[in-house]
Amino acid sequence: MASFAPPKADIATAEKWYEASTTVDGPFRDLLENYSHVPTDDVVKHVVDTRNRAWAVHPYPCLGQFRFLELNLSQRGDLYNRLLKELKTQPGSRFLDIGCCLGQDIRKLVYDGAPASSVAGAELNGAFIDLGYDLFRDRDSTAGQMVIVSANILESPTGPSSPLHSLVGQFSAVQLGMLLHLFTWEEQITAFENTLVLLRGQPGDRIFGQATGHLDGTPTASVGSRATFKHNAESFARLVAAAQEATGTRWRIVTAELDNGLSVFDGKRTWDDPRTRRLVFEIERE
Ligand SMILES: C[S@@+](CC[C@H](N)C(=O)[O-])C[C@H]1O[C@@H](n2cnc3c(N)ncnc32)[C@H](O)[C@@H]1O
């Protein structure tokens with residue numbers, strides 16, 4: 001494992017979940033070598049250097065622990081295969097990754113054959129969007145011509161000045177990847193309402209993702225003093241019911257499961273407790 005100097009000021013902030021280096025193997029290495037054309041011997045240094053710059057923007061555990069290397073969307077088996085097939089073969093299909101950070105999942109879809117025009121990203125922090133272009137070296141390439149906007153999903157996309165305005169009604173599938181647990185219950189409803197506006201509004205529209213979950217389905221004061229909500233399957237079903245009520249739409253829960261995936265308690269994050277799990281979900285409009 002190569003080792004590079006981490007940014008010292010940020011280690012002091014969140015050193016528990018800062019890993020100085022990593023290996024880069026499998027599909028992520030393939031992506032960097034064959035989509036981004038990073039020379040084999042430069043891959044690890046390129047990843048660590050870019051990650052360190054991203055860490056300086058905001059010390060998310062997914063950056064500190066190199067979790068973005070896991071390409072979570074592509075690990076969802078049948079869901080990923082169906083999505084990819086739709087994007088490749090159905091002209092009306094389009095995918096939006098909200099809270100996309102470095103944008104690894106949309107690059108993976110394009111590398112696997114989805115047209116760049118069929119995928120898009122939205123990310124609160126524009127610095128992460130820029131770092132994503134640096135990481136994947138596709139700012140000026142044909143493959144990299146996907147739309148990625150700096151936007152807050154808690155703000156309405158319908159206002160004429162919204163960066164999401166031109167994307168209203170465009171998508172058949174939306175991912176909320178490691179995002180919901182950053183929001184309170186009320187904010188999660190708002191995020192659902194705004195996501196709905198970005199979807200086509202047809203039966204079969206899908207929202208999926210993962211989030212830090214909790215065996216008890218409970219609010220926790222994990223982000224400052226705000227009581228952000230971490231779900232179990234039951235509380236997620238209540239959220240969907242409340243979102244249905246708020247929007248007058250009907251949704252079927254395809255998947256809402258807790259597992260021991262990447263958010264499981266490892267004692268390294270300040271908000272971890274032994275009942276922390278990962279929530280994996282998919283809902284479909286009826
Ligand atoms: C924990 S990271 C997950 C990144 C990526 N989806 C993944 O799974 O690797 C959460 C991301 O959501 C973004 N984010 C946070 N609040 C947001 C908001 N209100 N609207 C859009 N993006 C947001 C953060 O800037 C960050 O990049």
Side-chain angles (χ1 to χ4, degrees), residues 14 17-18 22 27-28 31 47 50-51 53-76 79-80 95-109 119-136 146-157 159 162-164 167 171 173-195 197-198 207-213 222-224 226 228-230 261-264 268-272 276 278-281:
W17 61 86
Y18 182 92
T22 185
F28 205 93
L31 189 61
V47 166
T50 314
R51 186 293 300 265
R53 291 164 62 207
W55 174 258
V57 173
H58 189 97
Y60 282 115
C62 59
L63 297 170
Q65 298 181 318
F66 292 100
R67 291 275 160 84
F68 60 95
L69 299 180
E70 293 170 20
L71 294 169
N72 288 301
L73 178 57
S74 69
Q75 290 190 25
R76 289 199 61 177
L79 182 152
Y80 184 75
F95 168 72
L96 175 65
D97 190 6
I98 297 177
C100 65
C101 199
L102 301 174
Q104 66 273 13
D105 288 331
I106 49 180
R107 268 58 175 229
K108 173 69 173 155
L109 281 164
V119 304
E123 165 54 50
L124 183 65
N125 197 322
F128 287 143
I129 299 174
D130 282 340
L131 286 163
Y133 285 120
D134 290 350
L135 179 62
F136 293 106
M146 67 278 290
V147 170
I148 311 179
V149 295
S150 176
N152 183 350
I153 195 57
L154 300 180
E155 293 175 357
S156 170
S162 168
L164 292 168
L167 300 180
F171 297 95
V174 167
Q175 174 170 248
L176 303 172
M178 295 308 288
L179 189 63
L180 282 183
H181 59 273
L182 301 176
F183 299 153
T184 65
W185 178 278
E186 291 74 23
E187 288 168 342
Q188 292 181 17
I189 301 280
T190 302
F192 184 90
E193 289 173 324
N194 291 337
T195 298
V197 169
L198 296 163
I207 303 173
F208 46 77
Q210 50 186 346
T212 304
S222 66
V223 180
R226 289 159 63 247
T228 61
F229 203 100
K230 296 186 178 64
L262 56 100
S263 288
V264 74
K268 289 189 173 170
R269 292 155 293 197
T270 45
W271 57 87
D272 272 346
T276 301
R278 174 176 71 165
L279 173 77
V280 178
F281 64 89

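Start at 1 and go down the list; that is how both ligands and their atoms are numbered.
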**Item:** Location of contacts on Y60 toward ligand 1, heavy atoms closer than 4.0 Å
**Value:** side chain

**Message:** Distance check, rounded to the nearest 0.5 Å: L73 atom CG versus L79 atom CG?
**Reply:** 6.5 Å

**Request:** Could you list the atoms of ligand 1 found under 4.0 angstrom from a heavy atom of G177?
**Result:** 3 (C), 5 (C), 6 (N), 8 (O)

**Message:** If the cut-off is 4.0 Å to any non-hydrogen atom of F128, which atoms of ligand 1 fall inside it?
**Reply:** 25 (O), 27 (O)

**Item:** Atoms in ligand 1 with a heavy atom of A151 nearer than 4.0 Å
**Value:** 20 (N), 21 (C)

**Request:** Please confirm whether R51 makes a cation-pi placement over Y18, using NZ or CZ under 6.0 Å from the six-membered ring centre and within 45° of the ring normal.
**Result:** yes

**Asked** To which protein heavy atom is atom 2 (S) of ligand 1 closest, and what is the distance rounded to 0.1 Å?
**Response** C62 SG, 3.6 Å

**Item:** Nitrogen or oxygen of I153 less than 3.5 angstrom from that of ligand 1
**Value:** yes

**Request:** Measure the acute angle between the ring planes of F229 and W185, then classify it against the limits of 30° and 60° as parallel, tilted or perpendicular.
**Result:** perpendicular

**Asked** When only distance counts, is E123 in polar contact with ligand 1, meaning an N/O pair under 3.5 Å?
**Response** yes

**Request:** Give the atoms of ligand 1, by number and element, whose distance to some non-hydrogen atom of N152 is under 4.0 Å.
**Result:** 18 (C), 19 (N), 20 (N)

**Message:** Has Q188 got a side-chain atom pairing as donor or acceptor with F183's backbone, closer than 3.5 angstrom?
**Reply:** yes

**Request:** Over all heavy atoms of both residues, which pair between L96 and A122 is shortest? Give the atoms and the distance, please.
**Result:** CD1-N, 4.0 Å

**Prompt:** Should the ring pair W17 and W55 be called parallel, tilted or perpendicular, given that the plane angle runs from 0 to 90° and is split at 30 and 60?
**Reply:** perpendicular

**Complete:** When rounded to the nearest 0.5 Å, the distance separating CZ of R107 from CD1 of I148 is 4.0 Å

**Prompt:** Any nitrogen or oxygen of L124, main chain or side chain, under 3.5 Å from a nitrogen or oxygen of ligand 1?
**Reply:** yes

**Request:** Give yes if a backbone or side-chain nitrogen or oxygen of L154 is under 3.5 Å from a nitrogen or oxygen of ligand 1, and no if not.
**Result:** no

**Fill in**
atom 1 (C) of ligand 1 sits nearest the protein heavy atom M178 O, 3.4 Å

**Message:** Check for me whether R76 meets the cation-pi criterion with F281, that is, NZ or CZ under 6.0 Å from the six-membered ring centre and within 45 degrees of the ring axis.
**Reply:** no

**Request:** Under 4.0 Å from a heavy atom of L179: give me the atoms of ligand 1 that qualify, with their elements.
**Result:** 12 (O), 14 (N), 15 (C), 16 (N), 17 (C), 23 (C)

**Message:** Please check this pair: side chain of E123 against backbone of C101, looking for a donor-acceptor N/O pair closer than 3.5 Å.
**Reply:** yes

**Asked** Applying a 4.0 Å heavy-atom criterion (strictly less than), which segment of C101 is in contact with ligand 1: side chain, backbone, both, or neither?
**Response** both

**Request:** Look at the side chain of T228 and the backbone N and O of T184, then say whether any donor-acceptor pair between them is shorter than 3.5 Å.
**Result:** no

**Complete:** Nearest non-hydrogen protein atom to atom 5 (C) of ligand 1, with distance, is G99 O, 3.4 Å

**Asked** For ligand 1, which atoms sit closer than 4.0 Å to a heavy atom of Q104?
**Response** 7 (C), 9 (O)

